[in-house]
Chemist: 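What follows is a structure written as structure tokens; I'll ask about it next.
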Amino acid sequence: HPGYKVVAGINGDFFDINATSNYPHTISGVWVSDGEVYKPYASQVHNNIAFNNDDSDYPYTVYTNEEDIYGPNPVLSVYDEEGNIVYETTVNKVNNAPLAGEVSLYFGLYDEEHACKGIDVENAYIVTDAYKSVAFKANSFYGKGEITEIGNAHLGANQFAIKSTNTILNEYLKKGVTIRVQYEFQGALGEETEVSGYVTTFLKDGQFYSGETRAEYMDYRYPRTLIGYGSDGRLVMTATDGRQPGIGFYGLNGVESAAQMSFYGCEHAISLDGGGSTTMVILKDGELQSVNSPSDGGLRSDGNAIFIVVPVPELEMNCESTDTSISVTLSIVNKIEEYKALYIEVN
């Protein structure tokens, strides 16, 4: 996210810790970042948390996960040179030839050994080296990149192609043009630009809540990463260490998790991945530093994370000096009203 600086973060959703999926360590729930729908479905029983990033009273919204919450057909977007979407259309078929006026998407599927089998395509607009490409299954694909060839190809990993008889679309499709294909959500979730999965709600309307919690998440004490908000809209993130009795770190069970978040003024709180994943980082002395004690004995590579970011001000500085003094004039080029105070470090 150019123009922003990460100042803090916590680990995110549960993920494929045993690396058994086509893309090892993929998160279990849905995954949307900056409007890019990388994963539109949940691999396990999950709910979804969407971060609003606006001026509303509540910093996030939760959605109960449902079957087929994303549309049955992918959407193709075409970008101009400035990165703006100039044309969008529905993709009618996947890995099958288009009929008159239709658009087809081609990409290689993965076999039981998690190897991309590839697929042949003819007379297509081909992306041979995508910026990003994730082919989770036949009806879950994300790909973005420049059209590098027009013709025939055998598509492998990180490649996809569009075959079109849509005359309007074909006016836009040329070599060097950036295109994106993704499945998009239906209903309210389709308006969200930042979405991750989560498992459990521990605090609801200021009261302990166990309505969607499996027993092992409720009864056992272990490291917890929790996120919640209060009536004033304040966002609270906590990382509580556990599984280290030798140093007095036992973790929290479900009731204790709710009590902790209530203590910090929350009316609603949920649980993200815990155990060895529980991690909090804070920006200190110019570097992100872990401030807790992960139970693995070191930092774990997690599937995703939730970061707090601030815009980086664009500055202009003019210095005038004499033998005995220096005068510095500092101007903020882009107006940043959100800052309560702005500190500039010199040397």
Side-chain angles (χ1 to χ4, degrees), residues 1-4 30-41 50 52-54 68-109 118-195:
H1 297 280
Y4 287 85
V30 303
W31 179 18
V32 183
S33 181
D34 201 25
E36 307 294 304
V37 186
Y38 298 121
K39 185 169 178 279
Y41 70 98
N52 304 320
N53 288 333
D54 57 18
D68 302 323
I69 58 176
Y70 61 99
N73 297 92
V75 175
L76 170 66
S77 303
V78 183
Y79 294 80
D80 62 16
E81 294 180 354
E82 284 74 42
N84 303 307
I85 295 176
V86 293
Y87 185 77
E88 283 191 326
T89 187
T90 298
V91 174
N92 306 100
K93 290 185 171 66
V94 174
N95 289 341
N96 283 292
L99 299 177
E102 291 187 336
V103 180
S104 292
L105 164 69
Y106 287 80
F107 63 91
L109 297 174
I119 191 170
D120 293 320
V121 64
E122 297 179 349
N123 301 318
Y125 301 92
I126 302 161
V127 177
T128 57
D129 187 17
Y131 306 150
K132 296 185 181 73
S133 174
V134 279
F136 287 113
K137 53 184 181 179
N139 63 342
S140 177
F141 176 83
Y142 172 90
K144 187 175 184 179
E146 286 187 11
I147 298 173
T148 50
E149 298 178 17
I150 301 175
N152 308 334
H154 179 78
L155 303 175
N158 210 40
Q159 298 178 338
F160 67 99
I162 294 295
K163 191 169 182 177
S164 169
T165 58
N166 179 326
T167 55
I168 298 176
L169 171 63
N170 292 346
E171 291 293 321
Y172 289 94
L173 298 182
K174 299 177 177 62
K175 284 187 179 180
V177 170
T178 297
I179 59 175
R180 180 190 70 186
V181 179
Q182 65 181 16
Y183 284 82
E184 298 185 352
F185 294 107
Q186 300 172 327
L189 200 58
E191 304 298 319
E192 305 288 358
T193 60
E194 316 290 335
V195 185

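Quick caveat: nothing in here was measured; it's all calculated off a predicted structure.
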Chemist: Are the side chains of Tyr125 and Asn170 in contact, using a 4.5 Å heavy-atom criterion?
Modeler: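 SC-SC contact between Asn170 and Tyr125 confirmed.
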Chemist: Please report the closest heavy-atom contact between Gly101 and Asn92, naming both atoms and the distance.
Modeler: O-OD1, 4.5 Å
Chemist: Supply the atom-to-atom distance Ile85 CD1 to Ile179 CD1, rounded to the nearest 0.5 angstrom.
Modeler: 12.5 Å
Chemist: Do Tyr131 and Glu146 meet the criterion of a side-chain donor-acceptor pair at a distance under 3.5 Å?
Modeler: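 Yes - a donor-acceptor pair under 3.5 Å links their side chains.
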Chemist: Take the angle between the ring planes of Tyr87 and Tyr172 and call it parallel below 30°, perpendicular above 60°, tilted in between.
Modeler: parallel
Chemist: Looking at every non-hydrogen atom in both residues, tell me the closest pair between Glu88 and Ser77 and how far apart they are.
Modeler: OE2-OG, 2.7 Å
Chemist: Among Tyr183, Phe136, Tyr142, find the one that has a side-chain contact (heavy atoms from CB on, under 4.5 Å) with Lys39.
Modeler: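 Only match with Lys39 under side-chain contact (heavy atoms from CB on, under 4.5 Å): Phe136.
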Chemist: Where do Glu36 and Lys144 come nearest, in terms of heavy atoms and distance?
Modeler: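 In this case the closest contact between Glu36 and Lys144 is OE1-CD, 3.9 Å.
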Chemist: Any chance you could measure Gln159, atom CD, to Thr148, atom OG1, to the nearest 0.5 Å?
Modeler: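 Between atom CD of Gln159 and atom OG1 of Thr148 there are 8.0 Å.
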Chemist: Would a 4.5 Å heavy-atom cut-off, applied to side chains only, mark Ser164 and Val103 as touching?
Modeler: yes
Chemist: Keeping Asn52 on the side-chain end and Asp54 on the backbone end, is there a donor-acceptor pair under 3.5 Å?
Modeler: no
Chemist: How long is the gap from CG on Asn95 to NZ on Lys163, to the nearest 0.5 Å?
Modeler: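 The NZ atom of Lys163 is 11.5 Å from CG of Asn95, to the nearest 0.5 Å.
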Chemist: Quick one: closest heavy-atom pair of Asn158 and Lys132, and the distance?
Modeler: OD1-C, 4.1 Å
Chemist: Show the nearest heavy-atom pair for residues Asn166 and Leu169, with the distance to one decimal.
Modeler: OD1-N, 3.0 Å
Chemist: Measure the spacing between CG of Asn96 and CG of Leu105 and express it to the nearest 0.5 Å.
Modeler: 11.0 Å
Chemist: Measure the spacing between CZ of Arg180 and OG of Ser133 and express it to the nearest 0.5 Å.
Modeler: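 Here the interatomic distance stands at 13.5 Å.
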Chemist: Can you check whether Asp34 reaches Glu194 side chain to side chain, under 4.5 Å on heavy atoms?
Modeler: yes
Chemist: Do Thr178 and Glu81 have side-chain heavy atoms sitting under 4.5 Å apart?
Modeler: no
Chemist: Quick one, Thr165 and Leu99 - any side-chain contact, counting heavy atoms below 4.5 Å?
Modeler: no
Chemist: Say you draw a straight line from OH of Tyr106 to CG of Asp120; how long is it, rounded to the nearest 0.5 Å?
Modeler: 10.5 Å
Chemist: Using the rule given for side chain to side chain contact (heavy atoms under 4.5 Å, CB included), can you reason through Asn73 versus Val91, listing the C-alpha separation, both sets of side-chain angles and the distance that settles it, and then say yes or no?
Modeler: CA-CA 6 Å; Asn73 297 92; Val91 174; 5.5 Å; no
Chemist: Using every non-hydrogen atom in the two residues, find where Ala153 and Ile126 come nearest and quote the distance to one decimal.
Modeler: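 So the two residues come closest at CB-CD1, 3.5 Å.
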Chemist: With the side chain counted from C-beta on, respond yes when Ile150 and Lys175 share a heavy-atom pair under 4.5 Å apart, and no when they do not.
Modeler: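 Yes, close enough: below the 4.5 Å cut-off.
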Chemist: Could you go through Val181 and Ile162, starting from their C-alpha distance and side-chain angles, then the distance that decides it, and tell me whether this counts as side chain to side chain contact (heavy atoms under 4.5 Å, CB included)?
Modeler: CA-CA 9 Å; Val181 179; Ile162 294 295; 4.0 Å; yes
Chemist: Tyr70 versus Asn139: any side-chain heavy-atom pair under 4.5 Å?
Modeler: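 Contact flag for Tyr70/Asn139 side chains = yes.
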Chemist: Do Val30 and Phe185 come close enough that some side-chain heavy atom pair is under 4.5 Å?
Modeler: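 Val30 vs Phe185: side chains touch.
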